[in-house]
Asker: 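Okay, handing you the structure first.
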Amino acid sequence: MMSMDDLDRAILSHLRQDGRLTNVELAQRVGLTPAPCLRRVKRLESEGIIAGYRARIDPAAAGRGFEVMVSVEISINDRETVEELEGAITAYDEVIEVHRLFGRPDYLVRVAVEDSATFETFLTTKLMSLRAVARVDSHMIMKKLKTGD
């Protein structure tokens with residue numbers, strides 16, 4: 001594991017806020033000249049600390065403003081069934097985030113769709129039709145206060 005100093009943390013903080021910063025802009029913000037700033041960014045990338053860059057999409061503008069957190073409990077725990085379940089859940093376009101948890105529930109699934117009717121269709125025709133699923137609890141998101149995006 002690479003050790004990071006305050007400059008590395010500042011670089012990460014600025015890139016987290018705006019991954020499209022040019023190297024010159026980033027260097028100015030963290031108090032470096034462009035060449036050493038670029039070397040640090042490349043090192044952070046090669047060490048896997050910076051895992052990639054992506055666009056943040058506004059779910060409502062993209063027609064996916066109805067978000068639901070779904071707790072999923074399973075009744076079959078053999079390896080093959082769990083791998084089958086995880087493969088199916090992660091392949092669904094409606095699913096934007098999945099976590100396998102310790103204890104109950106077994107999974108926490110974040111779903112983003114257009115509206116409640118679309119969510120109901122997803123829930124009943126896809127998620128609840130998986131043979132290992134024993135129970136689902138849906139929690140509609142009222143308001144996002146902070147995201148990891």
Asker: Using atom types as modelled and distance alone, determine if a side-chain donor or acceptor of D137 lies under 3.5 Å from a backbone N or O of S71.
Answerer: no
Asker: Could you go through R40 and D5, starting from their C-alpha distance and side-chain angles, then the distance that decides it, and tell me whether this counts as side-chain contact (heavy atoms from CB on, under 4.5 Å)?
Answerer: CA-CA 11 Å; R40 283 176 177 264; D5 61 17; 2.9 Å; yes
Asker: Determine the minimum heavy-atom distance between F119 and S138, stating which atoms define it.
Answerer: CZ-OG, 3.4 Å
Asker: Look up atom CG in D106 and atom CD1 in I74, then write down how far apart they are to the nearest 0.5 Å.
Answerer: 4.5 Å
Asker: With E67, which residues qualify under salt bridge (Lys or Arg N to Asp or Glu O under 4.0 Å), at least two apart?
Answerer: R110, K144
Asker: In the single-linkage hydrophobic clustering (I, L, V, M, F, W, Y; side-chain heavy atoms under 4.5 Å), do L26 and L7 co-cluster?
Answerer: yes
Asker: CG of L130 to CD1 of I76: how many Å apart, nearest 0.5 Å?
Answerer: 10.5 Å
Asker: Quick one: do H139 and V70 satisfy side-chain contact (heavy atoms from CB on, under 4.5 Å)? Show the steps, please.
Answerer: CA-CA 6 Å; H139 309 276; V70 182; over 6 Å; no
Asker: Side-chain heavy atoms under 4.5 angstrom apart, residues restricted to Ile, Leu, Val, Met, Phe, Trp, Tyr: same cluster for L123 and V68?
Answerer: yes
Asker: Taking a hydrophobic cluster as the set of Ile, Leu, Val, Met, Phe, Trp and Tyr residues connected by side-chain heavy atoms closer than 4.5 Å, whether directly or through intermediates, do I96 and L127 fall within one such cluster?
Answerer: no
Asker: Does the S13 side chain pair with the main chain of R9, one donor and one acceptor, at a distance under 3.5 Å?
Answerer: no
Asker: Hey, mind stepping through L15 and I11 against side-chain contact (heavy atoms from CB on, under 4.5 Å) and telling me if it holds?
Answerer: CA-CA 6 Å; L15 288 176; I11 287 169; 3.9 Å; yes
Asker: Counting only N and O atoms by type, is there a donor-acceptor contact under 3.5 Å from the side chain of T81 to the main-chain atoms of N77?
Answerer: no
Asker: Find the distance between CD1 (I141) and CE (M69) and round it off to the nearest 0.5 Å.
Answerer: 5.5 Å
Asker: To the nearest 0.5 Å, tell me how far I89 CD1 sits from Y107 OH.
Answerer: 6.5 Å
Asker: Taking only residues two or more places apart in sequence or in another chain, which ones pass salt bridge (Lys or Arg N to Asp or Glu O under 4.0 Å) with E45?
Answerer: K42
Asker: If you compare all heavy atoms of D8 against all heavy atoms of M4, which two are closest, and at what distance to 0.1 Å?
Answerer: OD2-CA, 3.5 Å
Asker: Is any side-chain heavy atom of V109 closer than 4.5 Å to one of E97?
Answerer: no
Asker: Decide whether L108 and V98 are clustered together by the hydrophobic rule: side chain heavy atoms of Ile, Leu, Val, Met, Phe, Trp, Tyr closer than 4.5 Å, transitively.
Answerer: no
Asker: Check the pair T118 / T121 against side-chain contact (heavy atoms from CB on, under 4.5 Å), numbers first and verdict last.
Answerer: CA-CA 5 Å; T118 308; T121 300; 5.7 Å; no
Asker: For R104, look at atom CZ and say whether over 12 heavy atoms of other residues, nucleotides or ligands are found less than 6.0 Å away.
Answerer: yes
Asker: Just jot down the side-chain hydrogen bond (donor to acceptor under 3.5 Å, both in side chains) partners of E80, sequence neighbours excluded, or say none.
Answerer: none
Asker: Rounded to the nearest 0.5 Å, what's the gap from CG on L32 to CZ on R39? Could you check?
Answerer: 9.5 Å
Asker: Taking R64 first and then D93, would you say they form a salt bridge - that is, a charged N and a carboxylate O separated by under 4.0 Å?
Answerer: yes
Asker: Kindly state each residue pair satisfying salt bridge (charged side-chain N to carboxylate O under 4.0 Å, His left out) with at least one member in residues 20-38, sequence neighbours excluded.
Answerer: none
Asker: Applying ring pair (Phe, Tyr, Trp, His ring centres under 6.0 Å), which residue pairs with at least one partner in residues 60-93 are found, sequence neighbours left out?
Answerer: Y92-F122
Asker: Partners of E120 by salt bridge (Lys or Arg N to Asp or Glu O under 4.0 Å), sequence neighbours excluded?
Answerer: none
Asker: At what distance, to the nearest 0.5 angstrom, does CG of L38 lie from OG1 of T22?
Answerer: 11.0 Å
Asker: Is the closest side-chain heavy-atom distance between M128 and V136 below 4.5 Å?
Answerer: yes
Asker: Would you name the heavy atoms of C37 and N23 that are closest together and state the gap between them?
Answerer: SG-OD1, 3.6 Å
